Protein chains: 2
Amino acid sequence: MKTKAELPDCPVATTVSLIGSKWKLLILRNLLVRPWRFNELRKSLDGISQKVLTDSLRSMEEDGIITRTVYPEVPPRVEYALSDLGESMRPIIKSMETFGIDYKEQFEK
Amino acid sequence: MKTKAELPDCPVATTVSLIGSKWKLLILRNLLVRPWRFNELRKSLDGISQKVLTDSLRSMEEDGIITRTVYPEVPPRVEYALSDLGESMRPIIKSMETFGIDYKEQFEK
DNA sequence: CAGAATCCTTCCGGATACTG
DNA sequence: CAGTATCCGGAAGGATTCTG
């Protein structure tokens, strides 16, 4: 869990501390499109375990990047969506996407 | 070590596989300013071990992100610099920097 | 100076079982 | 459906020593 005191001086390091993990970045990539349900995310993230997905979502929620909405239905429905702060991460994912496309073009030919 | 066969379909996932670790992103941040020497990098990256720095630099070199130049002097001098491919990652770090600044503004007040 | 080589520890993430 | 609760192995990373 992040606290103000733990925030590194360098803004790049701060960002890394929030989304410097593989799965968080891929979750973010998904949520930038639309809100997702728990099992929906799990199926789309090939290889992720349920525990890691839960931990990642909780952590991102604590950091104010995503929101978690429980709809009191049976069976329960839980939707994960981006907060305004998470939405402001769009340029990061976009620049990663652009780079990834260029990289594959260069090395797959 | 990355091979073409291991490249994920999603360009974001591809990028994550290259620089999805804390230290690689911070090394990249430094090298975007100018070339750095080994011990210079080590001192600037608070808490990194020599082994992890070596491993990270080797991995980034293999992936074509950075170059390693040995100057045959005594004592030896080794300089790490960005390749063109690494340079093309600048927008990623820039967007992370921008986000980090906004984030700290929001939570430190 | 810029590492290579070891050894050792931590802890992240996977697997499994259970539940409101 | 969307989790919680354990248990566990392996790989990442830290500490130390040695060297061209």
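Quantities reported herein were computed from a predicted structural model and do not represent experimental measurements. Lettering of chains follows the sequences in order, A, B, ..., and the numbering in each one begins at 1.
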Between [atom2] on [N] and [atom1] on [X], what's the gap in Å once rounded to a whole number?
X      : N      : atom1 : atom2 : value
F38(B) : dA4(C) : CZ    : P     : 8 Å
R68(A) : dC1(D) : CZ    : C1'   : 12 Å
L53(B) : dA5(C) : CG    : P     : 17 Å
E40(B) : dA2(C) : CD    : P     : 8 Å
R58(A) : dA2(D) : CZ    : P     : 12 Å
K43(A) : dG3(D) : NZ    : C1'   : 15 Å
N39(A) : dC1(D) : CG    : C1'   : 6 Å
L57(B) : dG3(C) : CG    : P     : 7 Å

### Proximal nucleotide (of dC1(D), dG3(D), dG3(C)) relative to the T54(B) side chain
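Minimum distance to the T54(B) side chain belongs to dG3(C).
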### Task
Using salt bridge (charged side-chain N to carboxylate O under 4.0 Å, His left out) as the criterion, list what pairs up with K94(A), not counting sequence neighbours.
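Here the qualifying residues are E97(A).
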### Task
Report the residues that fulfil salt bridge (charged side-chain N to carboxylate O under 4.0 Å, His left out) with E61(A), sequence neighbours left out, ordered by chain and then residue number.
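Once residues adjacent in sequence are excluded, E61(A) has no partner under the salt bridge (charged side-chain N to carboxylate O under 4.0 Å, His left out) criterion.
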### Message
Can you list, in residue-number order, the parts of residues 74-81 of chain A that come under 4.0 Å of DNA chain D, counting heavy atoms only?
### Response
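Close to the strand are P75(A), P76(A), R77(A), V78(A), Y80(A).
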### Query
When you check the gap from the basic side-chain N to the acidic O, do R77(A) and E79(A) get nearer than 4.0 Å?
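Between E79(A) and R77(A) there is a salt bridge, with a charged N closer than 4.0 Å to a carboxylate O.
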### Message
Taking only side-chain N and O atoms of R37(B), does any of them lie within less than 4.0 angstrom of OP1 or OP2 on dA2(C)?
### Response
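Yes.
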### Test item: S59(B) side-chain N/O and S56(B) main-chain N/O as donor-acceptor pair under 3.5 Å
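A pair under 3.5 Å: no.
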### Query
Between the main-chain N or O of R34(A) and the side-chain N or O of W36(A), is there a donor-acceptor pair closer than 3.5 Å?
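At least one qualifying donor-acceptor pair exists.
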### Query
How about I66(B) and L57(B): do any of their side-chain heavy atoms sit closer than 4.5 Å?
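They are in side-chain contact.
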#### Entry: Side chain to side chain, T54(B) and F38(B), heavy atoms closer than 4.5 Å
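Yes. Closest side-chain heavy atoms under 4.5 Å.
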Listing time: all N or O pairs from protein to nucleotides 13-17 of chain C that are below 3.5 Å?
{"unit_1": "dG13(C)", "atom_1": "N7", "unit_2": "K51(A)", "atom_2": "NZ", "d": "3.0"}
{"unit_1": "dG13(C)", "atom_1": "O6", "unit_2": "K51(A)", "atom_2": "NZ", "d": "3.4"}
{"unit_1": "dG14(C)", "atom_1": "OP2", "unit_2": "S49(A)", "atom_2": "OG", "d": "3.2"}
{"unit_1": "dG14(C)", "atom_1": "O6", "unit_2": "K51(A)", "atom_2": "NZ", "d": "2.9"}

### Message
Among residues at least two apart in sequence or on other chains, which ones pass side chain to side chain donor-acceptor pair (under 3.5 Å) with T67(A)?
### Response
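T67(A) satisfies side chain to side chain donor-acceptor pair (under 3.5 Å) with no other residue.
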Could you go through residues 82-89 of chain A and list every donor-acceptor pair under 3.5 Å that involves a side-chain atom there, pairing it with any protein atom two or more places apart or in another chain?
{"unit_1": "S83(A)", "atom_1": "OG", "unit_2": "G64(A)", "atom_2": "O", "d": "2.6"}
{"unit_1": "S83(A)", "atom_1": "OG", "unit_2": "I65(A)", "atom_2": "O", "d": "2.8"}
{"unit_1": "S83(A)", "atom_1": "OG", "unit_2": "L85(A)", "atom_2": "N", "d": "3.2"}
{"unit_1": "S83(A)", "atom_1": "OG", "unit_2": "G86(A)", "atom_2": "N", "d": "3.1"}
{"unit_1": "E87(A)", "atom_1": "OE1", "unit_2": "R90(A)", "atom_2": "NH2", "d": "3.2"}
{"unit_1": "E87(A)", "atom_1": "OE2", "unit_2": "R90(A)", "atom_2": "NE", "d": "2.7"}
{"unit_1": "E87(A)", "atom_1": "OE2", "unit_2": "R90(A)", "atom_2": "NH2", "d": "3.2"}
{"unit_1": "S88(A)", "atom_1": "OG", "unit_2": "L85(A)", "atom_2": "O", "d": "2.5"}

